[in-house]
Number of protein chains: 2
Amino acid sequence: MTAIKETSVIQENKQYALDICPVTYVMEKIGNYWKPIILYHLSKGPIRYSEIKRAIPAITEKVLIQHLKQLESDGLVIRKAKPVVPPYVTYKLSKSGKGLMPVIDAMASWAINERAKEDKQ
Amino acid sequence: MTAIKETSVIQENKQYALDICPVTYVMEKIGNYWKPIILYHLSKGPIRYSEIKRAIPAITEKVLIQHLKQLESDGLVIRKAKPVVPPYVTYKLSKSGKGLMPVIDAMASWAINERAKEDKQ
DNA sequence: ACAAGTACTTACCCTAAAGTATGTATCTAT
DNA sequence: ATAGATACATACTTTAGGGTAAGTACTTGT
């Protein structure tokens, strides 16, 4: 969320890469350590903020909402707040977000495979 | 490549997360902006260092070799150097690396779909 | 009266990652 | 003689992301 130096050559190249490389496009949206992990936890259906928090104990609250907001503004997740007190806020995947499930699933299967290999040694 | 503060609570939590969350495991290996992009370009078969460089103009050389070395030491890519001059070095996916192709492919398809949606508007 | 839970926000700091710039050794082409 | 290509390496600086800690507003439970 910082201004981009428009004079930068690498920024021009990034724009170019974005136009032609599909993976670059993906990385601009979820290319960050936490986002796929968050999406993974959203994959099981709507989930409350506090539940995500507990599901990912290694993330700090600041970083968690920060990414949730970004995912929301990128149209990948949908926030729904019930006007009650204490607040009841759930997050779920949008249609685009659901489209990422093959990616997340592929990640999970790879991890499970690799872990199995490690254990054999 | 820096020492980890072992007293940190979040590091403990990260270890815990690694044990149970498969996506976290993946992110520890390729959870970085450039790695999936590099792997994408390696997916078409063995490729020379300079070809990768040209294929990803937005990356700096420093960052590129840095990641190639890391991917190599993580057993995801294999480096092969012909002892000629000028040097002839190729990189290709290892078996584990190839196992990531479903992830990369899923990313690419998603991106292509999303771009198509954007264009319609 | 006080703690705890809800879903955040905000200010401040720290570090890991990335960027900039330059150098190396060897060969070929102009 | 000089430039360009090869595949890096290395010192130095910048920045973006993440971590720490505290606060908010309102309610329920003890």
Rounded distance in Å - OH (Y49(B)) to P (dA9(D)): 9 Å

Separation of dT9(C) P from E61(A) CD (nearest whole Å): 11 Å

N or O in side chain of R48(B) less than 4.0 angstrom from dA7(D) OP1/OP2: yes

Between dT24(C) (P) and I65(B) (CD1): distance, integer Å: 16 Å

Contact nearer the 5' end of DNA chain C, comparing K62(A) with Y91(A): Y91(A)

Touch class at under 4.0 angstrom, heavy-atom based, for K69(A) against every strand present: sugar-phosphate

Close side-chain approach of P83(A) to Y88(A), heavy-atom, < 4.5 Å: no

Between C1' of dG17(D) and CD of E28(A), the distance in whole Å: 15 Å

Side-chain (S94(A)) to main-chain (G75(A)) donor-acceptor, under 3.5 angstrom: yes

Under 4.0 angstrom between T60(B) side-chain N/O and dA18(C) OP1 or OP2: no

Phosphate contact (dT6(D) OP1 or OP2) by R54(B) side-chain N/O below 4.0 Å: yes

Protein-nucleotide distance (L64(B), atom CG; dA17(C), atom P), rounded to Å: 17 Å

Rounded distance in Å - CD1 (I52(A)) to P (dG5(C)): 18 Å

OP1 or OP2 of dC8(C) under 4.0 Å from side-chain N/O of R79(A): yes

Nearest-Å distance for atom pair OH/C1', residues Y33(A) and dT15(C): 16 Å

Nearest to side-chain heavy atoms of V63(B), which nucleotide of dA18(C), dT26(C), dT6(C): dA18(C)

Closest listed nucleotide, where the reference is the side chain of V89(A) and the choices are dC8(C), dA18(C), dC8(D): dC8(C)

Full working for side chain to side chain donor-acceptor pair (under 3.5 Å) between E51(B) and Y91(B): CA-CA 10 Å; E51(B) 290 175 311; Y91(B) 290 89; over 6 Å; no

Closest non-hydrogen atom pair between S96(A) and K117(B), with its separation: OG-NZ, 3.1 Å

Side-chain heavy atoms of C21(B) within contact of H41(A), under 4.5 Å: yes

Under-4.0 Å side-chain N/O to phosphate OP1/OP2 contact, H67(B) with dA18(C): yes

Side-chain N,O (N32(A)) to OP1/OP2 (dA16(D)) below 4.0 Å: no

Whole-Å gap separating P (dA4(C)) and NZ (K53(A)): 13 Å

